[in-house]
Amino acid sequence: MDFNSLKEWIRPEHIVRVGGTALIMGVIFAETGLLIGFFFPGDSLLFTAGLLAAIPGADGITPVLDINIYLLLTGVFVAAILGNTLGYFVGKTLGPRLFTKEDSLLFKKKYLDMTRSFYERYGRLAIIAGRFLPIIRTFVPVLAGAIKLDFVRFTMYNIVGGLAWTASFILLGYFLGASFPGPITKNLDYIVIFLIIITILPVIRTYKRERRRHLNSQQEEVNSQQ
């Protein structure tokens, strides 16, 4: 598979049209449960799924994604919860080895370090807030497992964060699609690009901020040893 084919396969509209609800659930599960899933388009995929569940297809009546909105919400919510739960047990199994794992094509230690700094800043609320930040939402449950956060507490935050994340993006897309089907359909690619940009900007800011903190702490350690 070449790069252009890969880009097409991770394009939200393509995922929805080709795989329907089952593939949407699979992608959300992988993004939140597997360390290799951080590059999947979670936010934009949820938004696009809601959108296409409201926009009529070729016959002008049946939605492009022909599923009851409540079933869509339930299925994706369950996938998000199960994905995070798997991530938790992956982290719990790896334990301290997670922090010494070498970089590979699909694992970058800098993402784990960024997530750890985010968790140290926000505590358990990072499990909820991290749902809305690409990359961080992949590594937060793994980190929670690695540091042995109580599973019952983790599950509570997991449910709240999963519900808030999936419902907000799907319902936003659904109501926009139901209210403005024509303009939304014509400009879907631009809307998805815009959504990706506004969701990735906080991650870039978080990464830069935590990198500065890390460099400053290293410099302080050097100064204290002199």
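Just so you know, residue 1 is the first one in the sequence shown, and it goes up from there.
Applying the salt bridge (charged side-chain N to carboxylate O under 4.0 Å, His left out) test to residues at least two apart or on different chains, none of the pairs has a partner in residues 46-55. Residue pairs meeting the salt bridge (charged side-chain N to carboxylate O under 4.0 Å, His left out) criterion with at least one member in residues 147-166, sequence neighbours excluded, do not occur. Residue pairs meeting the ring pair (Phe, Tyr, Trp, His ring centres under 6.0 Å) criterion with at least one member in residues 70-90, sequence neighbours excluded, are Tyr88-Phe151, Tyr88-Phe154, Phe89-Phe151. Sorted by first then second residue, the salt bridge (charged side-chain N to carboxylate O under 4.0 Å, His left out) pairs that include residues 78-96, not counting sequence neighbours, number zero. Annotation: salt bridge (charged side-chain N to carboxylate O under 4.0 Å, His left out) contacts involving residues 168-187, sequence neighbours excluded, are absent.
With sequence neighbours left out, the side chain to side chain contact (heavy atoms under 4.5 Å, CB included) criterion links Phe194 to Ile198. Remark: Ile61 pairs with Asp59 by the side chain to side chain contact (heavy atoms under 4.5 Å, CB included) rule, at least two apart or across chains. Residues passing the side chain to side chain donor-acceptor pair (under 3.5 Å) test with Arg17 are Glu13, sequence neighbours excluded. Residues meeting the side chain to side chain contact (heavy atoms under 4.5 Å, CB included) test with Ser179, sequence neighbours left out: none. Shown here are the side chain to side chain contact (heavy atoms under 4.5 Å, CB included) partners of Leu125, two or more places apart in sequence or in another chain: Ile128, Tyr157. Partners of Phe47 by ring-ring contact (aromatic ring centres under 6.0 Å, His included), not counting sequence neighbours: none found.
When side chains are defined from C-beta on, Leu65 does not count as touching Thr48, because their heavy atoms never get closer than 4.5 Å. Residues Val16 and Leu51 have side chains not in contact (no heavy-atom distance under 4.5 Å, counting atoms from C-beta outward).
Looking at every heavy atom in both residues, Met25 comes nearest to Gly75 through CE-O, 3.3 Å. In terms of heavy atoms, Ala178 sits closest to Pro181 at O-CD, 3.9 Å. Considering all non-hydrogen atoms of both residues, Leu72 and Ile67 come closest at N-CD1, 3.9 Å. Residues Leu143 and Thr115 share a closest heavy-atom pair of CD2-O, 3.8 Å. Listed here is the closest heavy atom pair of Val64 and Pro56: CG2-O, 4.0 Å. Nearest approach of Ala49 to Ile24, heavy atoms of both residues: CB-CD1, 3.7 Å.
Note that OG of Ser44 and CD1 of Ile193 are 10.0 Å apart. Values are rounded to the nearest 0.5 Å. One distance of note links OG1 of Thr74 with CD1 of Ile69; it measures 9.5 Å at 0.5 Å rounding.
Hydrophobic clustering of Ile, Leu, Val, Met, Phe, Trp and Tyr side chains at less than 4.5 Å, counting indirect connections, unites Leu71 with Val76. With hydrophobic clusters built from ILVMFWY side chains whose heavy atoms lie under 4.5 angstrom apart, Phe180 shares a cluster with Ile55. At a threshold of 4.5 Å between side-chain heavy atoms, the hydrophobic network of Ile, Leu, Val, Met, Phe, Trp and Tyr places Met156 and Leu149 in two separate groups.
Aromatic ring pairs are classed by plane angle as parallel below 30°, tilted from 30° to 60° and perpendicular above 60°; the pair Tyr122 and Phe118 is tilted.
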Would you please test Leu73 and Leu171 for side chain to side chain contact (heavy atoms under 4.5 Å, CB included) and show each step? CA-CA 9 Å; Leu73 286 166; Leu171 291 177; 3.9 Å; yes

In residues 130-137, what donor-acceptor pairs under 3.5 Å come from side-chain atoms, sequence neighbours left out?
{"unit_1": "Arg131", "atom_1": "NH2", "unit_2": "Ala80", "atom_2": "O", "d": "3.2"}
{"unit_1": "Arg131", "atom_1": "NH2", "unit_2": "Asn158", "atom_2": "OD1", "d": "2.6"}
{"unit_1": "Arg137", "atom_1": "NE", "unit_2": "Glu31", "atom_2": "OE1", "d": "3.2"}
{"unit_1": "Arg137", "atom_1": "NE", "unit_2": "Glu31", "atom_2": "OE2", "d": "2.9"}
{"unit_1": "Arg137", "atom_1": "NH1", "unit_2": "Asp43", "atom_2": "OD1", "d": "3.1"}
{"unit_1": "Arg137", "atom_1": "NH1", "unit_2": "Arg131", "atom_2": "O", "d": "2.7"}
{"unit_1": "Arg137", "atom_1": "NH2", "unit_2": "Glu31", "atom_2": "OE2", "d": "3.1"}
{"unit_1": "Arg137", "atom_1": "NH2", "unit_2": "Asp43", "atom_2": "OD1", "d": "3.3"}
{"unit_1": "Arg137", "atom_1": "NH2", "unit_2": "Asp43", "atom_2": "OD2", "d": "3.4"}

